[in-house]
Chemist: 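After the structure tokens below, expect a handful of questions from me.
Note that the structure is a prediction, hence the values are computed from the model and not measured.
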Amino acid sequence: MSIFFHLIGRELRLSLRYGTDSLGTILFFVLTASLFPLALGPEPQLLQQIAPGILWVCSLLSALLPLERQFNHEYEDGSLDQLLLLGIPAFGIALAKITGHWLTTGLPLLFSSVPLALMFNFPYHAIPIFTASLFIGTACLSLIGGMTTCISLGARRNAFLLPLLTFPLLTPILIFGTMITDAQLHNLDFVPHFELLGACFAIALPLCPLVAGVGLTLAAE
């Protein structure tokens, strides 16, 4: 277990050393979402109506930006073989790196989404539900993205293969997350959508690290 937390700490230190990756992710999220009011006009009702879809799509695209580099450094410099010899299962290594990805990408996106929600005229009572759904959604994004990155690791055209594998699997997360926020904004029952999003996370949490571990082992052979 100590090796697992050591690997998470290593990911955080690497993120601080190469801070432009996390900063670029947040800037992409904020700047892309900020372009929509400029293009569509400052009408409060219109912005509030389209905000759930905009914020969820922008957060999804932002979280995907650093995915390609998540395992590539270790694979290219050969340190992946050394990680697999640490005595921790391959799925544990995958889960540690996925956790590091969420801490350095998903968590900053979560905090930066609050001012954007206010900019899109979200009522104050809707923001906690929105951030709670985005909390689960970004965790699912990291789990599914980490799994597809490991599957495509070592492929010649993984930059092309990665989005083809990732986007279809992320579609339910995007739909349920948007419906939660939309239902909350229109005073409808959002609990069923929240339960479906939670079910996606409950499935992804044990399954994605296992598949990612198999992908890491195959890439190292």
Side-chain angles (χ1 to χ4, degrees), residues 1-29 59-113 131 134-155 158-159 161-163 165-166 169-170 173 198 200-221:
M1 187 59 75
S2 61
I3 300 176
F4 177 78
F5 289 110
H6 177 75
L7 286 175
I8 295 176
R10 175 178 176 271
E11 291 300 310
L12 296 180
R13 289 192 295 275
L14 286 175
S15 174
L16 290 175
R17 184 178 302 173
Y18 305 104
T20 52
D21 285 353
S22 298
L23 184 61
T25 300
I26 298 170
L27 284 177
F28 181 85
F29 177 54
S59 63
L60 182 151
L61 295 176
S62 304
L64 291 179
L65 284 179
L67 271 183
E68 187 185 351
R69 299 184 295 275
Q70 191 177 11
F71 292 91
N72 270 1
H73 291 309
E74 285 81 1
Y75 176 74
E76 291 173 355
D77 64 14
S79 58
L80 178 60
D81 296 331
Q82 298 176 4
L83 288 177
L84 291 172
L85 294 174
L86 286 176
I88 182 173
F91 71 84
I93 296 172
L95 181 60
K97 291 189 71 67
I98 288 170
T99 305
H101 174 268
W102 182 80
L103 289 173
T104 57
T105 301
L107 202 57
L109 286 178
L110 202 61
F111 286 115
S112 56
S113 68
T131 52
L134 201 60
F135 180 92
I136 300 174
T138 51
C140 291
L141 297 181
S142 294
L143 286 163
I144 294 174
M147 178 185 69
T148 54
T149 304
C150 291
I151 291 174
S152 62
L153 196 64
N158 65 342
L161 184 61
L162 185 59
L165 290 173
T166 308
L169 295 174
L170 292 180
I173 311 300
C200 291
F201 176 72
I203 295 171
L205 182 60
L207 183 63
C208 290
L210 285 175
V211 178
V214 174
L216 284 181
T217 306
L218 291 176
E221 290 179 350

Chemist: Side-chain donor-acceptor pairs under 3.5 Å in residues 134-143, sequence neighbours left out?
Modeler:
{"from": "Thr138", "atom 1": "OG1", "to": "Trp102", "atom 2": "NE1", "distance (Å)": "3.0"}
{"from": "Thr138", "atom 1": "OG1", "to": "Leu134", "atom 2": "O", "distance (Å)": "2.8"}
{"from": "Thr138", "atom 1": "OG1", "to": "Phe135", "atom 2": "O", "distance (Å)": "3.1"}
{"from": "Ser142", "atom 1": "OG", "to": "His101", "atom 2": "ND1", "distance (Å)": "2.8"}
{"from": "Ser142", "atom 1": "OG", "to": "Thr138", "atom 2": "O", "distance (Å)": "3.3"}

Chemist: Could you grab the distance from atom CG of Leu109 to atom OG1 of Thr104, nearest 0.5 Å is fine?
Modeler: 9.5 Å
Chemist: Measure the CG-CG distance between Leu7 and Leu12 for me, rounded to the nearest 0.5 Å.
Modeler: 11.0 Å
Chemist: Just jot down the side-chain contact (heavy atoms from CB on, under 4.5 Å) partners of Thr217, sequence neighbours excluded, or say none.
Modeler: Ala90, Glu221
Chemist: Which value, rounded to the nearest 0.5 Å, describes the distance between Leu64 atom CG and Phe28 atom CZ?
Modeler: 9.5 Å
Chemist: Ile173 and Leu169: which non-hydrogen atoms are nearest, and at how many Å?
Modeler: CG1-O, 4.4 Å
Chemist: Among all residues two or more places apart in sequence or in another chain, which pass the salt bridge (charged side-chain N to carboxylate O under 4.0 Å, His left out) test with Arg13?
Modeler: none
Chemist: Just verifying a value: how many Å separate Thr149 OG1 and Ile98 CD1, rounded to the nearest 0.5 Å?
Modeler: 8.5 Å
Chemist: What is the distance from atom OG1 of Thr166 to atom CE of Met147, rounded to the nearest 0.5 Å?
Modeler: 8.0 Å
Chemist: Quick one, Thr131 with Ser113, criterion side chain to side chain contact (heavy atoms under 4.5 Å, CB included). Give me CA distance, side-chain angles, the key distance, then yes/no.
Modeler: CA-CA 8 Å; Thr131 52; Ser113 68; 4.2 Å; yes
Chemist: Please give me the minimum heavy-atom distance between Thr105 and Ser62, naming the atom from each residue.
Modeler: CG2-O, 4.5 Å
Chemist: Indicate the atoms forming the closest heavy-atom contact of Gly213 with Ala94, along with that distance.
Modeler: N-CB, 4.1 Å
Chemist: Is any side-chain heavy atom of Pro108 closer than 4.5 Å to one of Thr25?
Modeler: no
Chemist: If you define the side chain from C-beta out and look only at heavy atoms, does anything of Ile144 sit under 4.5 Å from Cys208?
Modeler: yes
Chemist: Check Ala212 against Cys150 and note the closest heavy-atom contact, atom names and distance.
Modeler: O-CB, 3.4 Å
Chemist: When rounded to the nearest 0.5 angstrom, what is the spacing between CG in Leu205 and SG in Cys200?
Modeler: 13.0 Å
Chemist: Do Leu95 and Phe91 have side-chain heavy atoms sitting under 4.5 Å apart?
Modeler: no
